[in-house]
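Remarks on the structure that follows.
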Amino acid sequence: MFDGLQTLPQPMVVRIDGARITGLWPEAGFDPAQAEGCREAGRGGLVTPGLVDCHTHLVFGGSRAGEFERRLEGVSYAEIARAGGGILSTVRATRAASAHALFEAALPRLQALVDDGVTTVEIKSGYALDVAGELKMLRVARRLGQPEEGGLPVRVTTTLLGAHALPPEFTSDADGYIDQVCERMIPTAAAEGLADAVDVFCEGIAFSPAQCERVFQAAHHHGLAIKVHAEQLSNLGGAALAARYGALSADHLEYLDEAGVQAMAAAGTVGVLLPGAFLTLRETQLPPVELLRCHGVPIALATDANPGSSPLFMPTLMLNLACTLFRLTPREALAGMTAHGARALGLAEIGRIAVGQRADLCVWDVAHSAELAYAVQPGRLRQRVFGGRITHCRTPEAR
């Protein structure tokens, strides 16, 4: 069994029937009669579970490339924000964009993830910050995973991140905005089946622990899973608070302390590290990887693909960054984007290679799994299997 923490000890044969893995055998002792009626694919490549990108913001309007350039020319983020830039520029562009325009803009971003081995992706809202706009974003996210509607063959889970930032019309009334999130956004998203989870940004520049707790309570009331952006810039105890509500994950975590780690361990909350944002923002406070290890908190990785702090759409790059910046081992990094990424989304049927698991797999042109983290090199994906169906293949005879 490949559990994301180890490589297969020897060449193996994986049998797939329908959308499930139904057999695993060592190649040396395999009886071809066991595969009668099957067609062969993937021989000679390294097989891993399909990658799971458990934290993205793929749906948004506009571009912030100009701001990126201005920051490099010496203009501070605060000056850009005062001039109407930053997240509020994305909010304006996202509100103004039609659902079709948002879909068309997000599709190539998602395609980049899929081309790099992703079979499951979480997509957050959070760039409209009003009821209609947040629901529009969630509908677009759902459609992105529906090939019959022009989307791609990938599982999309959706997260309502209404409490991402304070919209301009609520500049002096954060509690009033949280009222809107709890009393209108969450109930409507739940009633329409648009969200699988609810997320909040617990930070001094965003929302207080007390305000986040109200969101957690509303999510719990409506049967939605809980996630949190926490301890990215300071330690407000957001991860521990979310853990008390049974959160699936707490994400970022640079300023997480041992009490927060212990709370996450007790609740089974996954720690999601986002090295792309760490790199782009030139952070220096490392997340407490050794504490997470010592207390047995599963460590997941994700791209955090977004227009401002992580405009990066290459999941295997995250494997490299997690190793070079955070000192994860290659095996830990791969587990972070397979088994533990799946756990961060509450999905038990993916992220591992085992009988009974969903057949979401990748075949790579590498000799050892460590190569996926060692080199930043596009084009190594030989085959991608989604639900038992080959959706990407560089060897046409194996289709």
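In this text the structure is predicted, and so the values were computed from the model without any measurement. What's counted below: heavy atoms across the whole structure, side chains too, no hydrogens, waters or symmetry copies.
The closest side-chain heavy-atom distance from Leu107 to Gln111 is not below 4.5 Å. Between Thr119 and Ile350, every side-chain heavy-atom pair lies at or beyond the 4.5 Å cut-off. His368 places none of its side-chain heavy atoms less than 4.5 Å from the side chain of Leu46. Leu233 is listed as a side-chain neighbour of Glu283, based on a closest heavy-atom distance under 4.5 Å. Between Val200 and Phe207 there is no side-chain heavy-atom pair separated by less than 4.5 Å. Contact check for Thr316 versus Trp364: side-chain heavy atoms found under the 4.5 Å cut-off. Contact check for Thr280 versus Phe68: no side-chain heavy atoms found under the 4.5 Å cut-off. Between Val156 and Val154, the closest side-chain pair of non-hydrogen atoms falls below 4.5 Å.
Ring-plane geometry between His55 and His252 is classed as perpendicular, the angle between the planes exceeding 60 degrees on a 0 to 90 degree scale with a lower cut at 30. Note: His57 and His229 have perpendicular aromatic rings, judged against thresholds of 30 and 60 degrees for the angle between ring planes. Note on ring orientation: taking the six-membered ring where Trp is involved, the planes of Phe326 and Phe278 are perpendicular (angle over 60°, cut-offs 30° and 60°).
Separation of atoms CG (Leu248) and CD1 (Ile226) is listed at 8.5 Å; rounding is to 0.5 Å. The CD atom of Gln217 sits 8.0 Å away from the SG atom of Cys182 when rounded to the nearest 0.5 Å. Here Asp257 contributes atom CG and Glu231 contributes atom CD; the two are 7.0 Å apart, rounded to the nearest 0.5 Å. Here the CD1 atom belonging to Ile186 is positioned 11.0 Å from the CD atom belonging to Glu134, to the nearest 0.5 angstrom. Put simply, CE on Met318 and CG on Leu274 are 9.0 Å apart, with the number rounded to the nearest 0.5 Å. To the nearest 0.5 Å, the span separating OG on Ser125 from NZ on Lys136 amounts to 12.0 Å.
Neither Leu51 nor Phe386 shares a network with the other; the hydrophobic side chains, linked directly or stepwise wherever heavy atoms of I, L, V, M, F, W or Y lie under 4.5 Å apart, form separate groups for each. Both Leu256 and Phe216 belong to a common hydrophobic cluster when Ile, Leu, Val, Met, Phe, Trp and Tyr are linked at side-chain heavy-atom distances under 4.5 angstrom. A continuous path of ILVMFWY side-chain contacts below 4.5 Å connects Phe60 to Val140, so both sit in one hydrophobic cluster. Val181 and Leu224 fall within a single hydrophobic cluster, where Ile, Leu, Val, Met, Phe, Trp and Tyr side chains are chained together by heavy-atom contacts under 4.5 Å.
The existence of a salt bridge linking Glu290 and Arg293 is confirmed by a sub-4.0 Å separation between a basic side-chain nitrogen and an acidic carboxylate oxygen. Ion pair Glu192/Arg139 flagged as a salt bridge, since at least one NZ, NE, NH1 or NH2 atom sits closer than 4.0 Å to an Asp/Glu carboxylate oxygen. A salt bridge between Arg384 and Asp115 is absent, with no side-chain N of the basic residue lying under 4.0 Å from a carboxylate O of the acidic one. The pair Glu349-Arg155 meets the salt-bridge criterion, since a charged nitrogen lies less than 4.0 angstrom from a carboxylate oxygen. Look at Arg142 and Asp196 and you find a salt bridge, because one of the NZ, NE, NH1 or NH2 atoms lies within 4.0 Å of a carboxylate O, short of that distance.
Between the side chains of Thr56 and Glu122, not a single donor N or O lies within less than 3.5 Å of an accepting N or O. A side-chain N or O of Asp17 and one of Thr22 form a donor-acceptor pair less than 3.5 Å apart. Donor-acceptor pairing under 3.5 Å is lacking for the side chains of Tyr177 and Glu169.
With hydrogens and angles ignored, the 3.5 Å screen pairs no side-chain donor or acceptor of Thr94 with any backbone N or O of Ala128. Of the possible polar contacts, none joining the Gln232 side chain to the Leu253 backbone as a donor-acceptor pair under 3.5 Å is found. Within the 3.5 Å criterion, the main-chain N or O of Ala101 finds no donor-acceptor partner in the side chain of Glu104. Side chain of Arg143 to main chain of Ala99: no donor-acceptor pair is present (N/O by atom type, distance under 3.5 Å, no hydrogens or angles). Within the 3.5 Å criterion, the main-chain N or O of Arg358 finds no donor-acceptor partner in the side chain of Asp360. No donor-acceptor distance shorter than 3.5 angstrom exists from the side chain of Gln357 to the backbone of Ala354, with no hydrogens or angles considered.
Atom NE2 of His295 is surrounded by more than 12 heavy atoms from other residues, nucleotides or ligands within 6.0 Å. A 6.0 Å sphere centred on CZ of Arg20 holds more than 12 heavy atoms belonging to other residues, nucleotides or ligands. Counting non-hydrogen atoms of other residues, nucleotides and ligands closer than 6.0 Å to CZ of Arg343 gives a total of 12 or fewer. Counting non-hydrogen atoms of neighbouring residues, nucleotides and ligands closer than 6.0 angstrom, the CZ atom of Phe170 exceeds 12 such neighbours.
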(message) I'd like to know whether Ser249 forms a side chain to side chain donor-acceptor pair (under 3.5 Å) with Lys227, so could you lay out the CA-CA distance, the side-chain angles of the two residues, the decisive distance to 0.1 Å, and finally the verdict.
(response) CA-CA 5 Å; Ser249 74; Lys227 301 171 76 69; 2.8 Å; yes
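For Glu67, the salt bridge (Lys or Arg N to Asp or Glu O under 4.0 Å) partners are Arg64, not counting sequence neighbours.
Tested against Leu361 for a side chain to side chain contact (heavy atoms under 4.5 Å, CB included), the candidates Thr48, Ile390, Ile353 yield a single pass: Ile353.
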